[in-house]
Structure formats: C-alpha cells, structure tokens
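Please read all numbers here as calculations on a predicted model, not as lab measurements. Indexing begins at 1, ligand by ligand and atom by atom, following the structure's order.
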Amino acid sequence: MKVIPIPCLSDNYAYLVVCEATGHAGVVDPSEAAPVAARVEKEGVELKAILNTHHHWDHIGGNKELLKRYGGLKVYGHVSDRGRIDGQTEALETGDTFLLGKLECRAMHNPGHTSGAVSYAIEDGVFTGDTMFAAGCGRLFEGTPAMMYESLNKVIGSLPKETHVYFGHEYTENNLRFALAVEPGNRAVHEKLAQVHQMRAAGRFTTPSTLAEEWSTNPFMRCDSEEIRARVKQEDPSNDLSPAAVLGVIRRLKDNF
Ligand SMILES: [Zn+2]
C-alpha cells in the first residue's frame, strides 16, 4: 500500500490509497476534485473508488466531478449516510470488507462526530476522517460523548499501536496546545508539540500519526489520566468521572478553546 496525502481546501486532507500490485487506487474524502485528479494522473494509477468517512461537504465535495471524470467509480459510505453522500453506491456496516486492487479494506462504524461516521482500516493504516485527529477528535454534531468515547477508545483503539492514523484535518498544532492546557504534566505532549511546531514551520504535513502516539498525547483517549480527571472535576464538580463524562467535559472545553 502506498498512501499519498493530498492537501485540499484550507486544512483538509484527501488520501490517495494505491495498491502497488495492481495500480488500482481509491481516494479517501475528496474535498475537491482538481487536486485529486492531478495526483491520480501524476502517479499514473487507475482510480477505482471513493471512500467517504462521512457526509460533510468538506469530505465529499469532489465526488460529483470525480464521478463525471472517471467512469464506474464505487463510492463507499455508511449505510445510514445513504442520501447524504453524493453518488454513494456501496452501503457499509461495521466489519464489512471490500477490495481495492488486492488491498483489503475494512469499515468500522464510529459515530460521534456524525451518526454515520466510518473509519477504514487498510493494512497498517486507518483513515479516520473527523473522528480521530492527531491529539484530538471531531465536534459532537450528531452523537454523544459516550459514542465518541467508544469510537475512539474501543473501535479505532482496538487496532494495533503501530497503526498509522491518517486523519481528516491539519489541526495537530492547535490540538496539542489544548492537550497541554488540560494535561500540563504530560511529557509526550510537550515533546510532540515541539516537534510539530518545527514540522509546520517547515511546511510539512503532520499526517500520519500512530495509535501509540494518540494513546500518549490525545486527551480524548486519556480519560483515565489523573491530571485530566482533576481538571474535569474542577470544571464540573458533580461529574461522575466515568470515561464518557470526562470526554464530554473536555470536548466542551475544546469547543471554547
Ligand atoms: Zn466533518
């Protein structure tokens, strides 16, 4: 598998996923068609599919034009997103698998940001859209803190620690600043922030991260951290400090960060 991040709009990432054995490719979340088509041509690959993580316009904006330009594309999305994803041809449920060339792709339903959010696990990578970011998660537009807790920590979190996490937006630097605000004693966050600051100053992408990095730096996957729990208790003295309740408070703090 070869994965090529394609920056779109102001801070979105689409990803071209190439099966090197067959030259077949799929694109995850094409916000816009032009940069994706340019990269397909440059790589000389055959675009076969669009993999949408959810229905938001900044993830499906290029679907229509790509469908016009390339015949017979399969368009994947969650079964509950039917009617919300332009050109959707395949309706996925958790555990459904399909082939992209010879690459096996597995859908993982992870509601929270939206009700029909899915991540795609392919070989040693997972494409998480707006569910998991480096050091963050998406806003809870159509789901509850409990759903997001489950999606991040149990569903995506069930993958091996060395899994590469290909996320939907370049929010890493700001997310790490927030992570530091709620867990100032976390050395891993300090170290990653310094590294990411340099990468961004040099114009480099911070994608992908790894699940190991997320377990150590992402506050939404650290709901059992004593420091984070103390911060939540200070914010909301009646909080029962269940993992979902902790996530709910830090998500609210992040919304206003
Ligand atoms: Zn979104």
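- For residue H56, an N/O/S atom approaches the Zn ion (ligand 1) to within less than 2.8 Å.
- Between the Zn ion (ligand 1) and the N, O or S atoms of D130, the shortest distance is to OD2.
- The environment of R106 atom CZ is sparse: at most 12 non-hydrogen atoms of other residues, nucleotides or ligands sit within 6.0 angstrom.
- Y15 has its side chain within reach of T207: a pair of non-hydrogen atoms, C-beta onward, lies under 4.5 Å apart.
- The aromatic rings of H54 and H56 lie perpendicular to each other, with more than 60° between the two planes, well past the 30° mark.
- A perpendicular orientation is assigned to the rings of F205 and Y13, their planes being inclined by more than 60° (bins at 30° and 60°).
- Remark: at the Zn ion (ligand 1), atom NE2 from H113 and atom NE2 from H54 enclose 100°, rounded to the nearest 10 degrees.
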